[in-house]
Participant: 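Sending over a structure as structure tokens; questions will come in a sec.
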Amino acid sequence: MDKIKMTTPLVEMDGDEMTRILWKIIKEELLLPYIDLKTEYYDLGLEHRNETNDQVTIDSANATKKYGVAVKCATITPNAARMTEYNLKEMWKSPNGTIRAMLDGTVFRAPIVVKGIEPCVKNWKKPITIARHAYGDVYKNTEMVIPGPGKVELVYTAEDGTETRELVHQYKSAGVAQGIHNLNNSIESFARSCFNYALDTKQSLWFATKDTISKKYDHTFKDIFQEIFDAEYKEAFEKAGIEYFYTLIDDAVARVMKAEGGFIWACKNYDGDVMSDMVSSAFGSLAMMTSVLVSPQGYYEYEAAHGTVQRHYYKHLKGEETSTNSVATIFAWTGALRKRGELDGNQELMDFAEKLEKATIATIESGKMTKDLALITTIENPVVLNSEEFIKEIRNILETL
């Protein structure tokens, strides 16, 4: 069988730990035998980021702007322990945060629904899609350790030199301070991305922040969403039979738990990070969720929404067997290949992506799965496969489609 040809490369961002191991197996077993794979490769493993002073992360984001579609492996965001473990020059920022800030747009995350993996929340009948703002807030923060008594102020200096000051806190003892920011044009892009996605998928859109407490910061988000909706989308939503509404984040959480699903829940950056993990876990597993960053300029970056599976990686290094769920990483590849095919008019590539997703789901529904799913499945007597066996079983089913 001739391999499927590609005309334009994907931007390939390799990652860390167990997901890096899975990345290699997925390529060898599920992609390279079938596709003449063209990628522009960037190693976003923590060691290489450290060697390049994180320039490789910036280069990968610029390449995504050039080629339009990227696929990203999970990466380490270093903490103090990682500084020592990897002998880092500095505590590098989250690669996801850097890439999202450069590409702007919105991260859309939705659970991968499979028969036999039932949601923990019994009334959830349809997927819940999290729309996560991809710029600013704590991911672009500035932090300061306050050594003792004194004051911290926010200072805005206008171009004409005029200063505006707001007292953050008068410290009587040591503490910490944090400054975060956002941009109106980024919030506007976020709003339009959410409204367009809701119309494309014919799903109602919820948006939630905490404007009762954050009367300027969060309230700006609320106001921009409402202004754009009223001016540009209200009629289209009415025609489509869907709705948009704003509510407080704590009210949204309560409503989500009682809803049946089938809607988009738009959240600020950090809220979306937390809530997407909650939704994916409740639907089955952190490894059972799609994640795509969509920028207003038409750039797409597909990724696994979970971490690098550090615990399994340490077992792997000791030569012990692991049973790590690779579904989200496989779906990052299929999402990117489908979009590349769509943009290039390459139907063969789009069809292959569809087949690979079907093979992945069929493997689980046949009762063959990784340990995390076997612990929660309603399928009787599931067969627990190790990390590599699961990917090879998907290949077996793929060959039959």
Side-chain angles (χ1 to χ4, degrees), residues 54 57-58 61 64 70 72 74-79 91-110 128-143 154 177-198 205-226 228 246-250 252-253 256 264-281 286 289-297 299-307:
D54 211 30
T57 307
I58 293 163
T64 305
K72 182 182 172 296
T75 47
I76 294 168
T77 299
N79 55 16
M91 202 179 294
W92 305 109
K93 294 250 184 188
S94 157
N96 289 339
T98 299
I99 293 163
R100 288 168 192 156
M102 289 180 66
L103 300 184
D104 201 2
T106 301
V107 178
F108 292 96
R109 290 181 171 171
I128 295 166
T129 301
I130 298 285
R132 175 186 172 187
H133 190 209
Y135 179 82
D137 301 345
V138 297
Y139 300 88
K140 292 284 284 180
N141 70 5
T142 302
E143 299 178 311
L154 284 177
Q178 179 185 77
I180 62 172
H181 79 279
N182 226 294
L183 304 172
N184 282 13
N185 60 5
S186 180
I187 301 167
E188 288 162 9
S189 296
F190 173 39
R192 288 192 177 95
S193 294
C194 292
F195 293 134
N196 288 334
Y197 197 81
L205 174 68
W206 305 13
F207 179 47
T209 70
K210 193 70 172 174
D211 68 290
T212 50
I213 302 300
S214 178
K215 291 179 167 56
K216 293 177 183 175
Y217 197 101
D218 282 20
H219 216 294
T220 298
F221 277 79
K222 177 185 177 182
D223 289 345
I224 287 173
F225 261 72
Q226 196 63 52
I228 289 175
Y246 172 84
T247 187
L248 292 172
I249 187 75
D250 41 339
V253 170
V256 164
I264 301 160
W265 180 10
C267 296
K268 286 167 56 198
N269 207 344
Y270 178 76
D271 295 340
D273 190 359
V274 175
M275 296 308 169
S276 63
D277 280 4
M278 183 271 287
V279 167
S280 61
S281 292
L286 287 177
M289 181 167 255
T290 61
S291 181
V292 56
L293 172 69
V294 182
S295 85
Q297 291 81 17
Y299 313 133
Y300 297 83
E301 185 230 353
Y302 294 82
E303 60 171 353
H306 56 72

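The first residue in the sequence is number 1, and the count goes up from there.
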Participant: Less than 4.5 Å apart, any side-chain heavy atom of Tyr246 and any of Asp223?
Facilitator: no

Participant: State the CG-CD1 distance between Asn79 and Ile76, to the nearest 0.5 angstrom.
Facilitator: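 Here the interatomic distance stands at 9.0 Å.
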
Participant: Rounded to the nearest 0.5 Å, how far does CE of Met275 lie from CZ of Arg132?
Facilitator: 12.0 Å

Participant: Going by heavy atoms in the side chains, are Ser280 and Arg109 under 4.5 Å from each other?
Facilitator: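 No, side chains not in contact.
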
Participant: If you draw a 6.0 Å radius around OH in Tyr197, do more than 12 non-hydrogen atoms from other residues or ligands fall strictly inside?
Facilitator: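 Yes, the 6.0 Å shell around OH holds more than 12 heavy atoms from other groups.
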
Participant: Measure across Lys93 and Thr98 and return the closest heavy-atom pair with its distance rounded to 0.1 Å.
Facilitator: CB-OG1, 4.2 Å

Participant: Please round to the nearest 0.5 Å and tell me the distance separating atom OG1 of Thr220 and atom OH of Tyr217.
Facilitator: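 If I round to the nearest 0.5 Å, the distance is 9.0 Å.
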
Participant: May I ask you to decide whether Asp218 forms a salt bridge with Lys268, counting only side-chain N to carboxylate O separations under 4.0 Å?
Facilitator: yes

Participant: Go through it in stages, so that I can follow the logic: the residues are Ile128 and Val256, the test is side-chain contact (heavy atoms from CB on, under 4.5 Å), and I'd like the CA-CA distance, side-chain angles, deciding distance and then a yes or no.
Facilitator: CA-CA 9 Å; Ile128 295 166; Val256 164; 4.0 Å; yes

Participant: Would a 4.5 Å heavy-atom cut-off, applied to side chains only, mark Thr57 and Met102 as touching?
Facilitator: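 Counting from C-beta outward, Thr57 and Met102 never come under 4.5 Å.
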
Participant: Just so I know, are the side chains of Gln297 and Leu103 near enough to count as touching, which here means a heavy-atom distance under 4.5 Å?
Facilitator: no

Participant: With side-chain hydrogen bond (donor to acceptor under 3.5 Å, both in side chains) as the test, pick out the partner of Tyr139 among Asn96, Asn269, Asp273.
Facilitator: Asp273

Participant: Surrounding NZ of Lys140 (heavy atoms of other residues, nucleotides or ligands, distance under 6.0 Å), is the total greater than 12?
Facilitator: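 Count not over threshold, so no.
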
Participant: Please report the shortest heavy-atom distance between Cys267 and Phe190, naming the atom on each side.
Facilitator: O-CZ, 3.2 Å

Participant: List the atom of Ile264, the atom of Ala198, and the distance in Å for their closest heavy-atom pair.
Facilitator: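 So the two residues come closest at CD1-CA, 3.5 Å.
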
Participant: Where is the tightest heavy-atom contact between His133 and Phe221, given as atom of each residue plus distance?
Facilitator: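 Smallest interatomic distance, heavy atoms only, reads ND1-CE2, 3.7 Å.
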
Participant: Should Val138 and Tyr270 be marked as a side-chain contact (heavy atoms from CB on, under 4.5 Å) after you check the CA-CA gap, both sets of side-chain angles, and the distance that decides it?
Facilitator: CA-CA 7 Å; Val138 297; Tyr270 178 76; 4.1 Å; yes

Participant: Would you check, one step at a time, whether the test side-chain contact (heavy atoms from CB on, under 4.5 Å) holds for Trp265 with Val253?
Facilitator: CA-CA 10 Å; Trp265 180 10; Val253 170; 4.0 Å; yes

Participant: Enter the distance from Tyr135:OH to Leu183:CG here, rounded to the nearest 0.5 Å.
Facilitator: 4.0 Å

Participant: What heavy-atom pair brings Asn182 and Gly136 nearest, and what distance separates the two atoms?
Facilitator: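 Taking Asn182 first and Gly136 second, the nearest heavy atoms are ND2-CA, 3.9 Å.
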
Participant: With no hydrogens and no angle check, do the side chains of Tyr302 and Thr290 hold a donor and an acceptor under 3.5 Å apart?
Facilitator: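 The criterion, which ignores hydrogens and geometry beyond distance, is not satisfied for Thr290 and Tyr302.
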
Participant: What is the minimum heavy-atom distance between Asp104 and Ser189, and which atoms define it?
Facilitator: OD2-OG, 3.9 Å

Participant: I need the Ile130 CD1 to Thr106 OG1 distance, nearest 0.5 Å.
Facilitator: 12.5 Å

Participant: For a 4.5 angstrom cut-off between non-hydrogen side-chain atoms, does Thr212 reach Leu248?
Facilitator: yes

Participant: Is the backbone of Asp277 close enough, under 3.5 Å, to the side chain of Ser281 for a donor and an acceptor to pair up by distance?
Facilitator: yes

Participant: Walk me through it: do Leu293 and Val107 pass the test side-chain contact (heavy atoms from CB on, under 4.5 Å)?
Facilitator: CA-CA 4 Å; Leu293 172 69; Val107 178; 3.8 Å; yes

Participant: Judged by atom type as modelled, is there a donor-acceptor pair below 3.5 Å linking the side chain of Asn141 to the main-chain atoms of Gln178?
Facilitator: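 No; zero donor-acceptor contacts below 3.5 Å.
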
Participant: Kindly compute the distance separating OG1 (Thr75) from CH2 (Trp92), expressed to the nearest 0.5 Å.
Facilitator: 14.5 Å

Participant: With side-chain hydrogen bond (donor to acceptor under 3.5 Å, both in side chains) as the test, pick out the partner of Ser291 among Lys72, Glu303, His306.
Facilitator: Glu303

